[in-house]
Trainee: 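There's a structure below that I have some questions on.
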2 protein chains.
Amino acid sequence: MKKKQSTRDIILQSATRLFQRQGYNGTGLNQIIEESGAPKGSIYYHFPNGKEEIALEAVSLMRKLVLEEAEKDLRGKNSAAEAFEFYVNNVATVFDTRDCVEGLSIGLIASETALTHENIRYTCEMVFKDFQSLHADILEQYGFKKERAEELGLTITAMIEGACILSITYQNGNPLRIMAKQLVLLLKNNREIEETK
Amino acid sequence: MKKKQSTRDIILQSATRLFQRQGYNGTGLNQIIEESGAPKGSIYYHFPNGKEEIALEAVSLMRKLVLEEAEKDLRGKNSAAEAFEFYVNNVATVFDTRDCVEGLSIGLIASETALTHENIRYTCEMVFKDFQSLHADILEQYGFKKERAEELGLTITAMIEGACILSITYQNGNPLRIMAKQLVLLLKNNREIEETK
DNA sequence: GTCTATAGCTGGATAGAC
DNA sequence: GTCTATCCAGCTATAGAC
């Protein structure tokens, strides 16, 4: 039985969309209000700490959405290579439409705030580590050794973030697709190293 | 015989530093003036088109600096793996100091402006393609076939950009160093594929 | 080439009525 | 819970003196 969407949730969803597209500094509270159609006076009721609080919750929401999607795509394939190839190619399609809505997960907001907003920076660090852990868990399930899985988990996180930047700049998903091919090779190579141990 | 630094150059250097650290939207013209110590009235004399013009030139300056550094590090090694390992580990040291100055090359400004400032987006696209081409050229010199070199050139660009985001968020260069190890494996693997053709 | 002053706007945030 | 009114600081940009 779903609760109907609260005003708070509506504000948060609009804010998340805008932060992903325009970043933290590029998005104003007025714009969030306008976009969401939420009652103008209600922002500081729902988010007493203002913009920073909204951003922290937006990052957590992005975390949830990305992890759900990733789990769904990565489980139940025949190999790690196949799983990540499927996942990354899926992400790529998002960037093919002209005004892609879901942008760069949290890479943009992380790099904007890393040197200026410690709270946001720290939250982003935790989220990145969750991404890494998910990737590492998946790799372990497909037979990778723990240590190598962790290093690869970080590397895959970096590859995805970087390829998303290229894809949003090039206005299409091809960078992600090309990267996916190389990632497949990297995973197969790592696999061989595991097996010859 | 070097020309002494013009006011214009001083403004541009400060702006570049600030854009790298805080992004386009996070950096104000007042701040650029203050930081540079340049004459306050001179911004619109030297950059008649205002902030956007400064950003375009800053991106071009970043391009120049990155390409110079990359060329220096990548030439004259024994293999592609060795060359890129050296280069990436060099970049990593930048992120170990607490308030790293040279931040994320152009990834931040590119993702901020991709959907809102077409001129800047286009310039960033060209710069990313220059990075890719440099990587590809280097790979070809170390014996990689053209097509594979191009795909790897893009992938390496993505890996570096992504790992820089992680490094600035984690406040140290370890993500870049871990990524470098995996990049070495990827390059060795590709090499083998070339050789068995 | 440089500088001041200021226009004109938008930002985040607050107080207080309802 | 919602909304209006408003404060003040910051922004980009321009006009015009020197």
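The sequence lines fix the lettering, A, B, ..., with proteins before strands; numbering per chain opens at 1.
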Trainee: Does Thr7(A) place a side-chain N or O at less than 4.0 Å from the phosphate oxygens OP1/OP2 of dG1(D)?
Mentor: no
Trainee: Just how far, in rounded Å, is P of dA15(D) from CD1 of Ile43(B)?
Mentor: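 Between P of dA15(D) and CD1 of Ile43(B): 17 Å.
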Trainee: Could you tell me how far apart Phe47(B) (CZ) and dG1(C) (C1') are, to the nearest whole angstrom?
Mentor: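 From Phe47(B) CZ to dG1(C) C1': 14 Å.
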Trainee: If we ignore angles and hydrogens, is there a donor and acceptor under 3.5 Å between the side chains of Glu150(B) and Gln132(B)?
Mentor: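 Glu150(B) vs Gln132(B): no donor-acceptor pair found between side chains.
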Trainee: Can you tell me how far C1' of dG11(C) sits from CD1 of Ile33(A), to the nearest Å?
Mentor: 14 Å
Trainee: By the salt bridge (Lys or Arg N to Asp or Glu O under 4.0 Å) test, which pairs, at least two apart or in different chains, include something from residues 28-53 of chain B?
Mentor: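 Salt bridge (Lys or Arg N to Asp or Glu O under 4.0 Å) check on residues 28-53 of chain B returns Arg17(B)-Glu35(B).
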Trainee: Within the structure, does a side-chain N or O atom of Tyr45(A) lie under 4.0 Å from either OP1 or OP2 of dT2(D)?
Mentor: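 Indeed not, no polar side-chain atom of Tyr45(A) lies that close.
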Trainee: Would you please confirm or rule out a distance under 4.0 Å between OP1 or OP2 of dT10(C) and any side-chain N or O of Asn30(A)?
Mentor: no
Trainee: Compute both the distance and the angle, then confirm whether Lys129(A) meets the cation-pi test with Tyr170(B): under 6.0 Å from the six-membered ring centre, within 45 degrees of the axis.
Mentor: yes
Trainee: Rounded off to whole Å, could you give me the NZ-to-P distance for the Lys40(A) and dA13(C) pair?
Mentor: 17 Å
Trainee: Starting from P on dC9(C), measure out to CD on Gln31(A) and report it in whole angstrom.
Mentor: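 My rounded result for the distance is 18 Å.
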Trainee: Quick one: Asn49(A) CG to dT14(C) C1', roughly how many Å, whole number?
Mentor: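 Taking CG of Asn49(A) and C1' of dT14(C), I get 14 Å after rounding.
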Trainee: In whole angstrom, give the distance that lies between atom CD of Gln22(B) and atom C1' of dG10(D).
Mentor: 14 Å
Trainee: Look at the aromatic rings of Phe131(A) and His135(A) and report parallel, tilted or perpendicular, splitting at 30° and 60°.
Mentor: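 Taking His135(A) first and then Phe131(A), their aromatic rings sit tilted (interplane angle of 30° to 60°).
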Trainee: Want to settle it: does His46(B) or Leu29(A) sit nearer the 5' end of DNA chain C, counting the closest nucleotide to each?
Mentor: His46(B)
Trainee: Which nucleotide, dT12(D), dT4(C), dT14(C), lies nearest any side-chain atom of Tyr44(B)?
Mentor: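 Comparing dT12(D), dT4(C), dT14(C) against the side chain of Tyr44(B), the answer is dT12(D).
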Trainee: Which whole-number value in Å describes the distance from Asn25(A) CG to dT12(D) C1'?
Mentor: 16 Å
